[in-house]
Amino acid sequence: MSGAIPLNPPVEVRPVEIETGPALITHGLSFQHGREVTLTYPDLHLPAGAQLTITGPSGTGKTTLLHLLAGLLRPTTGEVKFGPTLVSAPQEGLREAFRRAQVGYVFQDFHLMPGLSALENVELGLRVAGAAQPHAKAFTALERLDLGHRLQHAPHQLSTGERQRVALARAVAHAPGLLLVDEPTAHLDRSRAGAALDLLRETADQLGATLIVVTHDPLVADAFTHRLELGDLELSPLNLGDAR
């Protein structure tokens, strides 16, 4: 299986408040699932603040690519770099340090701790990341996402949209440079999906973070200038580095 993007110029990068930062660059990436399935990906060059969707049929390796970019998986071949950091380094300790400092990951099922309040969920993420003043930063992140009145509520007391906002607050509270989101509208109706998408993009803009979103939702895919379509036969590199 392989990935490619359609060549649809002109290239235009969504503007952000922070104009400089680390670029995300991949080269020669592949990942082998078992003995028979090898996922192959096009080379990427995304400047800081770029916003990209990843689409394609099930089984083409969209979530696997997110995991490779986050350093949760190591590629079978190739490398991932975020600025000077080799994300695909063999040392798990280096990859874990990178994730703590630079990655915000919003999982499709949110992965909130059921026994903790919204505030405690975000604070826990900050403590794991080694951030200073985790309580204050968790409070600020939730307030910014209009959850100041739900701080002490457990996940089962929150609506789906509220749980998603808690997950986003946890992902961005430490001001990551790379924000990775898996199927952000999978659990939302149409009336809330647009608001969730706007929230993701606005939050990334405020941080100056590179935003990469995996989606099956045409509403999400069509909202982004740049799309990586996995499953095509032709491999074409995606270089947004000269697009500013």
*Who passes side chain to side chain contact (heavy atoms under 4.5 Å, CB included) against A101, sequence neighbours left out?*
none
_Partner of S30 under side-chain hydrogen bond (donor to acceptor under 3.5 Å, both in side chains), chosen from T76, T38, T77_ = T77
*Quick one: sort the F107 and H111 rings into parallel, tilted or perpendicular, breaks at 30° and 60°.*
parallel
*With sequence neighbours excluded, what pairs up with Q133 under the side chain to side chain contact (heavy atoms under 4.5 Å, CB included) test?*
A136
*Quick one: pull up CG in L44 and CG in L240 and give me the separation to the nearest 0.5 Å.*
8.5 Å
*Tell me who clusters with V166, hydrophobic residues only, linked when side chains sit under 4.5 Å apart either directly or through other members.*
F110, L112, L119, V122, L126, F139, L142, L147, L151, L158
*Determine the minimum heavy-atom distance between L207 and A175, stating which atoms define it.*
CD2-CA, 3.8 Å
*T215 versus T53, side-chain donor and acceptor atoms under 3.5 Å*: no
*Other hydrophobic cluster members with L116, side-chain heavy atoms of Ile/Leu/Val/Met/Phe/Trp/Tyr under 4.5 Å, chained?*
M113, L124, V128
*Any idea which heavy atoms bring L68 and L73 closest together, and the distance?*
CD2-O, 3.6 Å
_Check for me, please, whether L219 and V214 land in the same ILVMFWY cluster - side-chain distances under 4.5 Å, paths through other members count._
no
*Is a donor on one side and an acceptor on the other found under 3.5 Å between the side chain of Y41 and the backbone of G61?*
yes
_salt bridge (charged side-chain N to carboxylate O under 4.0 Å, His left out) pairs, two or more places apart, involving residues 106-126_ = E123-R127
*Enumerate the residue pairs fulfilling salt bridge (charged side-chain N to carboxylate O under 4.0 Å, His left out) with a member in residues 131-158, sequence neighbours excluded, ordered by first and then second residue.*
R150-E162
*Scan for side chain to side chain donor-acceptor pair (under 3.5 Å) pairs involving residues 163-185, sequence neighbours excluded, and state none if there are none.*
T63-D182, T160-R163, E183-H216, T185-D217
*asked:* Ignoring hydrogens, what is the shortest heavy-atom contact between P176 and A171? Give both atom names and the distance.
replied: CG-O, 3.4 Å
_L180: partners by side chain to side chain contact (heavy atoms under 4.5 Å, CB included), with sequence neighbours left out_ = L66, L69, A70, V103, Y105, L178, I212
_Over all atoms of both residues, closest heavy-atom pair of P57 and E229_ = CD-OE2, 4.5 Å
*asked:* Going by the rule side-chain hydrogen bond (donor to acceptor under 3.5 Å, both in side chains), which residues pair with H27 if we only count those two or more places apart in sequence or in a different chain?
replied: D43
*Sequence neighbours left out, what pairs pass salt bridge (charged side-chain N to carboxylate O under 4.0 Å, His left out) with at least one residue falling in residues 50-60?*
none
*asked:* Could you work out, with side chain to side chain contact (heavy atoms under 4.5 Å, CB included) as the rule, every residue matching L86, not counting sequence neighbours?
replied: E79, K81, S88, A89
*With sequence neighbours left out, which residue pairs that include part of residues 89-98 fulfil the salt bridge (charged side-chain N to carboxylate O under 4.0 Å, His left out) condition?*
E92-R95, E92-R99, E96-R100
